[in-house]
There are 2 protein chains.
Amino acid sequence: MQKLTKAEEDVMHLIWEIGRGTVSDLLEKFEGEKPPHSTVSSVVRILEKKGFVGHKAYGKTHEYFPLIGKEDYGRRSLGDVLRNYFDGSVSRLVSHLAEEEQLSERELEELLRILNK
Amino acid sequence: MQKLTKAEEDVMHLIWEIGRGTVSDLLEKFEGEKPPHSTVSSVVRILEKKGFVGHKAYGKTHEYFPLIGKEDYGRRSLGDVLRNYFDGSVSRLVSHLAEEEQLSERELEELLRILNK
DNA sequence: ATTTTATAACGTATTTTTACGTCAAATAAC
DNA sequence: GTTATTTGACGTAAAAATACGTTATAAAAT
C-alpha cells in the first residue's frame with residue numbers, strides 16, 4: 001500500500017478528525033498558519049487519486065471523507081516499524097517503548113491487564 | 001528531525017547492515033534488481049546532505065557509514081506512530097499489536113517478564 | 001608506461017510532492 | 001435579476017526525490 005507524505009498525512013489527520021467535510025472545513029481546522037485553499041484542494045485531490053479519500057458532490061460542493069480508517073493506517077504504520085526496526089519482535093519493540101516513554105503506573109497496569117486476559 | 005523517504009530508507013538499511021562500505025559494497029547487497037551504481041551514489045549523497053551518513057575518503061574511494069543508529073531512528077519512528085495514531089497511549093498501541101500480530105506464547109511471556117521487573 | 005577497471009562526483013532528466021493563482025460554476029446577498 | 005462570495009477544478013510553478021549517463025581520477029593489470 002501507498003504511504004502518505006508529510007503534507008498528505010497532515011490533511012489526512014484533519015479528514016479523520018472531522019469525518020467528512022469540504023476543503024473549507026479542513027482549512028478551518030488548521031492550527032495557526034492556514035495554507036491557501038487551493039493548496040489544500042491539491043492535496044485532497046492527490047489523496048483521492050491515491051485512494052485514501054472519496055467524495056460526494058452536492059452541486060459544486062464536494063464533501064470528502066476517508067476511505068481508510070486512521071486505525072487501519074496506524075496499524076499498518078506500526079507493522080512497518082515493527083518489521084523494519086525491531087526485527088518483527090513485539091517484545092523487543094515494547095521494551096524499547098517502555099524505556100523511552102516512561103510508563104505511568106496506570107499504563108503499566110492497564111498493559112498487564114490486557115496481556116494477561 | 002528529517003524523515004527518510006522510501007529509497008533513502010532502503011539504502012540506509014543496507015548501510016546499517018554493513019556498518020561501513022563503498023557504494024559498490026552497497027550495490028552488492030541489493031536483492032534482485034540492482035539499481036545503477038550512480039543511482040545509489042545519488043541517494044547516498046543526499047543521505048549525507050541530510051546528516052544521516054558520513055564518509056571517509058581513501059583517495060577516490062569513499063567509505064560511508066551511518067551517523068544515526070538504526071535503533072535511534074527506529075525509536076523515533078515508533079514515537080511518531082505512537083503519537084500520531086495511538087494518542088500517545090502505549091497500552092492502546094500494545095493492545096492493537098497483540099491483536100494484529102498474534103503473539104506466540106514465548107513472546108507473551110517474554111513481554112510480561114520485561115514489564116514486571 | 002600504457003591500458004583497463006573501478007571509483008564517486010557531477011550534471012541533468014524525470015517523476016513526485018508541495019504550493020498557489022486563476023477560472024467557471026454555484027450559491028448567497030442585495 | 002445582478003453582484004458578490006464561496007466553491008473545487010485546473011493548470012502550472014517550484015521544490016524535492018528518484019534515476020542515470022558521463023566524466024575525471026585513482027588503482028590495478030598488463
Side-chain angles (χ1 to χ4, degrees), chain A residues 1-15 18-68 73 77 80 84, chain B residues 1-15 18-68 73 77 80 84:
Chain A
M1 210 248 326
Q2 299 246 37
K3 264 196 184 175
L4 294 168
T5 65
K6 185 64 176 55
E8 286 163 6
E9 192 175 21
D10 289 345
V11 171
M12 207 58 210
H13 272 288
L14 297 179
I15 295 177
I18 67 178
R20 50 194 305 131
T22 67
V23 172
S24 302
D25 294 336
L26 293 173
L27 206 50
E28 276 177 22
K29 284 288 177 180
F30 270 87
E31 304 285 320
E33 283 286 292
K34 291 183 200 303
H37 185 282
S38 50
T39 299
V40 178
S41 171
S42 290
V43 174
V44 172
R45 270 184 294 146
I46 290 169
L47 284 172
E48 186 159 26
K49 196 174 70 191
K50 288 192 176 181
F52 286 102
V53 311
H55 81 267
K56 185 158 167 22
Y58 298 99
K60 189 80 175 182
T61 301
H62 284 47
E63 207 178 48
Y64 293 95
F65 49 85
L67 290 180
I68 180 177
Y73 190 78
S77 303
D80 286 346
N84 285 322
Chain B
M1 207 247 325
Q2 299 246 40
K3 263 196 187 176
L4 294 168
T5 64
K6 185 63 176 57
E8 286 164 5
E9 191 175 22
D10 289 344
V11 172
M12 208 58 209
H13 273 288
L14 297 179
I15 296 178
I18 67 179
R20 50 193 306 131
T22 68
V23 172
S24 303
D25 293 336
L26 293 173
L27 207 49
E28 276 176 24
K29 285 287 176 180
F30 269 87
E31 304 285 322
E33 282 287 291
K34 291 183 200 304
H37 185 280
S38 50
T39 299
V40 178
S41 171
S42 291
V43 174
V44 171
R45 270 184 292 147
I46 290 169
L47 285 172
E48 185 158 28
K49 197 174 70 190
K50 287 192 175 179
F52 286 101
V53 311
H55 81 267
K56 185 158 168 22
Y58 299 98
K60 189 79 175 183
T61 300
H62 285 47
E63 208 178 48
Y64 294 95
F65 49 85
L67 290 180
I68 179 176
Y73 190 78
S77 303
D80 286 346
N84 284 322

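Note that this is a predicted model, so its numbers are computed, not measured. Because only heavy atoms are used, hydrogens play no part in the values below, and waters and symmetry mates are left out as well, while side chains stay in. Lettering follows sequence order; numbering is per chain, from 1.
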[X] [atom1] to [N] [atom2]: how many Å, rounded?
{"X": "B:Leu27", "N": "D:dC20", "atom1": "CG", "atom2": "P", "value": "12 Å"}
{"X": "A:Lys56", "N": "D:dG8", "atom1": "NZ", "atom2": "P", "value": "15 Å"}
{"X": "A:Lys49", "N": "C:dT18", "atom1": "NZ", "atom2": "P", "value": "12 Å"}
{"X": "A:Lys34", "N": "D:dT6", "atom1": "NZ", "atom2": "C1'", "value": "16 Å"}
{"X": "B:Lys3", "N": "C:dT17", "atom1": "NZ", "atom2": "C1'", "value": "14 Å"}
{"X": "B:Phe30", "N": "D:dA19", "atom1": "CZ", "atom2": "P", "value": "9 Å"}
{"X": "B:Asp25", "N": "C:dA8", "atom1": "CG", "atom2": "P", "value": "8 Å"}
{"X": "B:Glu8", "N": "D:dT18", "atom1": "CD", "atom2": "C1'", "value": "9 Å"}

Inset, instruction - Scan residues 40-48 of chain A against DNA chain D and write down, sorted by residue number, each residue with any heavy atom closer than 4.0 Å; if none is found, say none. - result: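 A:Ser41, A:Ser42, A:Arg45, in order of number.
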Would you indicate, yes or no, if [N] has its OP1 or OP2 atom less than 4.0 angstrom from a side-chain nitrogen or oxygen of [X]?
{"X": "A:His62", "N": "D:dT7", "value": "no"}
{"X": "A:Ser24", "N": "D:dT7", "value": "yes"}
{"X": "B:Thr5", "N": "D:dT18", "value": "yes"}
{"X": "A:His37", "N": "D:dG8", "value": "yes"}
{"X": "A:Ser38", "N": "C:dA19", "value": "no"}
{"X": "A:Tyr64", "N": "D:dA9", "value": "yes"}

Inset, instruction - Tell me, please, which residues at least two apart from B:Asp10 pass side-chain contact (heavy atoms from CB on, under 4.5 Å). - result: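 With sequence neighbours excluded, B:Asp10 shows a side-chain contact (heavy atoms from CB on, under 4.5 Å) to B:Lys6, given in chain and number order.
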Legend entry - CG on B:Leu47 to CG on B:Leu67, rounded to 0.5 Å: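 It comes to 10.0 Å.
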Legend entry - Whether B:Asp25 side chain and B:Thr22 backbone form a donor-acceptor pair below 3.5 Å: yes
Inset, instruction - Not counting sequence neighbours, which residues clear ring pair (Phe, Tyr, Trp, His ring centres under 6.0 Å) with A:His13? List them please. - result: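 With sequence neighbours excluded, A:His13 shows a ring pair (Phe, Tyr, Trp, His ring centres under 6.0 Å) to A:Trp16, B:Tyr85, given in chain and number order.
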Legend entry - Sub-4.5 Å side-chain heavy-atom contact between B:Leu27 and B:Pro36: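 No - every pair of side-chain heavy atoms lies 4.5 Å or more apart.
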Inset, instruction - Please tell me which of the listed nucleotides, D:dT18, D:dA19, C:dT18, lies nearest to the side chain of B:Thr39? - result: D:dA19
Legend entry - Earlier contact from the 5' end, DNA chain C, for A:Thr61 and B:Lys60: B:Lys60
Legend entry - B:Lys50, NZ atom: more than 12 neighbouring heavy atoms under 6.0 Å: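 More than 12 within 6.0 Å, yes.
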Inset, instruction - Take the angle between the ring planes of A:Phe52 and A:Tyr73 and call it parallel below 30°, perpendicular above 60°, tilted in between. - result: perpendicular
Inset, instruction - Remember a base hit wins even if backbone is also touched, and classify A:Lys50 as base, sugar-phosphate or nothing at under 4.0 Å, heavy atoms. - result: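 Since only primed, P, OP1 and OP2 atoms lie under 4.0 Å of A:Lys50, the category is sugar-phosphate.
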